[in-house]
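Scroll down for the structure; my scribbles are underneath it.
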Amino acid sequence: MILQALHDYYRRRQADADMARRLPAFGLEQREIAFILEIDVAGTLKSITDTRQQVAKRKVGTSYLVPKGVKKTSGVAANLLWDNAEYVLAMPDAKKLEAARAKGGADDYLARLADMQQAFRSRIEALPEAACADAGIQAVLAFLASPTAQLVSAFSAFEEIAATNPVLSLRLVTDTALICQRSGVAPHLLAADQDDGGDGAADVDEAVDLENPAIASPGAQEVCLITGNEAPTERLHTAIKGIWGAQSSGANVVSFNLDAFNSYAKSQGTNAPVSKAAAFAYTTALNALLARGSTQRVQVGDASTVFWAQRADPIEDELAALLGGDDNPDAHTQHVKALFEAVRTGAFDG
């Protein structure tokens with residue numbers, strides 16, 4: 001079963017001796033943050049850091065380890081301590097505002113921005129008391145209590161933020177880590193339920209450490225189709241990104257969104273029960289394989305193809321280069337040699 005293989009691959013990457021190759025722990029994800037709002041302990045905005053670098057024809061933000069984002073649809077659903085400018089600053093997306101004006105709905109859209117920022121604030125206020133006592137969290141709440149969009153307008157990055165609605169996070173001017181990574185915050189972050197309801201409710205009671213998170217959740221137990229263990233079922237699985245032809249928000253591997261697909265009064269993920277931890281593992285692994293710059297994916301026509309070995313082997317990083325060669329007859333000869341050497345020595349077992 002492909003999901004079981006992805007789950008096993010995630011577990012292997014999690015145990016990799018090379019920290020740089022480890023995939024994010026449960027409840028976390030690597031996310032490109034375009035701009036970082038630098039604030040002091042009083043919540044005063046001091047500067048805005050542009051983390052982006054030019055890659056080919058576009059600018060790409062630096063990747064940071066942050067709490068896993070919620071699955072967003074048409075409702076209001078905020079991420080924890082990072083999100084786009086609509087949620088963090090109540091700043092309108094230029095394209096969305098233009099489209100709303102064309103339909104006569106500009107006032108509704110602008111009013112919705114207040115709800116979005118309140119949802120962002122509510123996620124933070126719902127953190128445990130120990131986390132809320134941290135100076136970084138107090139600074140964020142103080143910043144959100146101010147006219148945020150107006151404060152940002154004083155900085156040179158304002159025009160680009162207003163035009164592109166980028167992903168933002170916050171950091172104290174005295175720190176190098178984001179506020180969500182502070183030692184007084186990270187151990188208390190809750191792994192929030194990934195749903196589209198926008199209520200930000202967490203159903204994982206144990207604290208999630210950035211390095212050694214707990215995997216636990218109350219609720220009904222069902223047999224996970226991936227692990228065979230009884231565990232709480234993930235209702236909505238994380239979307240898979242990087243697939244050609246799919247929506248920019250991602251595609252779903254496991255999805256039940258019509259009544260005709262439901263049976264025995266089950267809905268959404270309960271039709272094919274997969275535990276929260278297992279769903280996180282397979283989606284994290286597949287998204288990593290499909291990510292920009294991955295050496296374990298090739299594009300064949302309109303098909304996005306990924307591959308991995310049963311155990312760690314250099315062939316994982318070399319196969320894409322071998323399959324994607326050019327007209328140079330000498331290109332990738334080392335990759336071909338490595339492949340045949342692996343077969344001869346028994347290092348490659350298929």
Side-chain angles (χ1 to χ4, degrees), residues 24 28-70 72 76-98 109-110 112-114 116-121 123-124 134-182 185-186 189 210 241 248-249 291-293:
L28 304 172
E29 69 170 293
Q30 290 287 150
R31 183 73 183 193
E32 291 177 7
I33 306 295
F35 293 90
I36 298 176
L37 307 177
E38 310 277 358
I39 60 178
D40 63 15
V41 292
T44 303
L45 182 61
K46 293 296 185 180
S47 64
I48 300 176
T49 298
D50 185 347
T51 77
R52 300 170 302 165
Q53 295 181 342
Q54 193 71 37
V55 177
K57 296 182 179 180
R58 62 191 298 267
K59 289 184 176 180
V60 178
T62 301
S63 183
Y64 292 87
L65 194 62
V66 297
K68 187 168 179 59
V70 298
K72 297 188 178 184
V76 174
N79 295 318
L80 183 57
L81 291 166
W82 66 274
D83 217 308
N84 61 35
E86 291 175 302
Y87 280 94
V88 180
L89 303 172
M91 182 181 293
D93 179 302
K95 292 182 179 180
K96 291 182 181 179
L97 180 57
E98 182 179 353
Y109 173 63
L110 294 175
R112 176 184 168 90
L113 292 174
M116 296 171 79
Q117 189 179 51
Q118 181 55 49
F120 182 74
R121 183 186 181 98
R123 287 294 309 276
I124 300 170
D134 182 84
I137 296 297
Q138 290 296 310
V140 173
L141 294 175
F143 170 73
L144 294 175
S146 61
T148 51
Q150 180 180 334
L151 294 176
V152 171
S153 66
F155 294 86
S156 59
F158 172 76
E159 291 187 5
E160 191 153 11
I161 291 176
T164 61
N165 189 28
V167 174
L168 312 170
S169 192
L170 301 100
R171 176 168 62 195
L172 289 181
V173 291
T174 54
D175 290 353
T176 56
L178 299 178
I179 288 174
C180 64
Q181 299 171 334
R182 282 172 57 85
V185 177
L189 295 179
L210 286 175
K241 298 185 178 182
S248 59
S249 58
R292 184 189 303 112

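Computed from a prediction, not measured in an experiment: that's the story for all the values here. The first residue of the sequence shown is numbered 1, and numbering continues consecutively from there.
Glu98 CD: 12 or fewer foreign heavy atoms inside a 6.0 Å radius. Glu159 CD: 12 or fewer foreign heavy atoms inside a 6.0 Å radius. Around CD of Gln53, the count of heavy atoms belonging to other residues, nucleotides or ligands within 6.0 Å does not exceed 12.
Between Ala78 and Arg123 the shortest heavy-atom distance is O-NH1, 2.7 Å. Taking both residues in full, the closest heavy atoms of Met91 and Phe158 are given as CE-CE1, 3.5 Å, listed atom of the first, atom of the second, then distance. Considering every non-hydrogen atom in both Tyr87 and Val76, the closest pair reads OH-CA, 3.6 Å. Taking every heavy atom of both residues into account, Ala139 and Asp40 meet most closely at CB-O, 3.4 Å. When all heavy atoms of Arg171 and Thr176 are compared, the closest pair comes out as NH1-O, 3.2 Å. A pairwise comparison of heavy atoms in Asn79 and Val70 identifies OD1-N, 2.7 Å as the closest pair.
Of the inter-residue distances, the one linking Lys46 atom NZ with Leu151 atom CG reads 11.0 Å to the nearest 0.5 angstrom. Note: Phe155 CZ to Leu45 CG = 4.0 Å, rounded to the nearest 0.5 Å. To the nearest 0.5 Å, atom CD of residue Glu86 and atom CG of residue Leu168 are 10.5 Å apart. Remark: Arg121 CZ to Thr148 OG1 distance equals 10.5 Å, nearest 0.5 Å. Here the CG atom belonging to Leu170 is positioned 7.5 Å from the CD1 atom belonging to Ile124, to the nearest 0.5 angstrom. Separation of atoms NZ (Lys68) and CG (Leu189) is listed at 14.5 Å; rounding is to 0.5 Å.
Side-chain contact between Thr62 and Ile33 is absent, with no heavy-atom pair separated by less than 4.5 Å. Side-chain contact between Leu89 and Leu37 is present, with heavy atoms from C-beta onward closer than 4.5 Å. Side-chain atoms of Cys180 and Leu80, non-hydrogen and from C-beta on, never get closer than 4.5 Å to each other. Between Ile39 and Leu172 the shortest side-chain heavy-atom distance falls below 4.5 Å.
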Pair Leu81, Leu178 - check side chain to side chain contact (heavy atoms under 4.5 Å, CB included), show working. CA-CA 9 Å; Leu81 291 166; Leu178 299 178; over 6 Å; no
Would Ile36 and Thr51 count as a side chain to side chain contact (heavy atoms under 4.5 Å, CB included) if you check the C-alpha gap in whole Å, the side-chain angles of each, and the deciding distance to 0.1 Å? CA-CA 7 Å; Ile36 298 176; Thr51 77; 3.8 Å; yes
Report the C-alpha separation of Val60 and Arg292 in whole Å, then their side-chain angles, then the decisive distance to 0.1 Å, and conclude whether the side chain to side chain contact (heavy atoms under 4.5 Å, CB included) test is met. CA-CA 10 Å; Val60 178; Arg292 184 189 303 112; 3.6 Å; yes
Are Lys96 and Arg112 close enough, and set up right, to give a side chain to side chain contact (heavy atoms under 4.5 Å, CB included), and what steps lead you there? CA-CA 12 Å; Lys96 291 182 181 179; Arg112 176 184 168 90; over 6 Å; no
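With hydrogens and angles disregarded, a donor-acceptor distance shorter than 3.5 Å links the side chain of Gln117 to the backbone of Val88. A donor-acceptor contact shorter than 3.5 Å is absent between the side chain of Trp82 and the backbone of Gly69. The backbone N or O of Pro92 sits nowhere less than 3.5 Å from a side-chain atom of Tyr109 that would complete a donor-acceptor pair. With hydrogens and angles disregarded, a donor-acceptor distance shorter than 3.5 Å links the side chain of Gln181 to the backbone of Leu65. No donor-acceptor pair under 3.5 Å is formed between the side chain of Ser63 and the backbone N or O of Gln30.
Residues meeting the side-chain contact (heavy atoms from CB on, under 4.5 Å) test with Ala157, sequence neighbours left out: Phe35, Ile48, Ile161.
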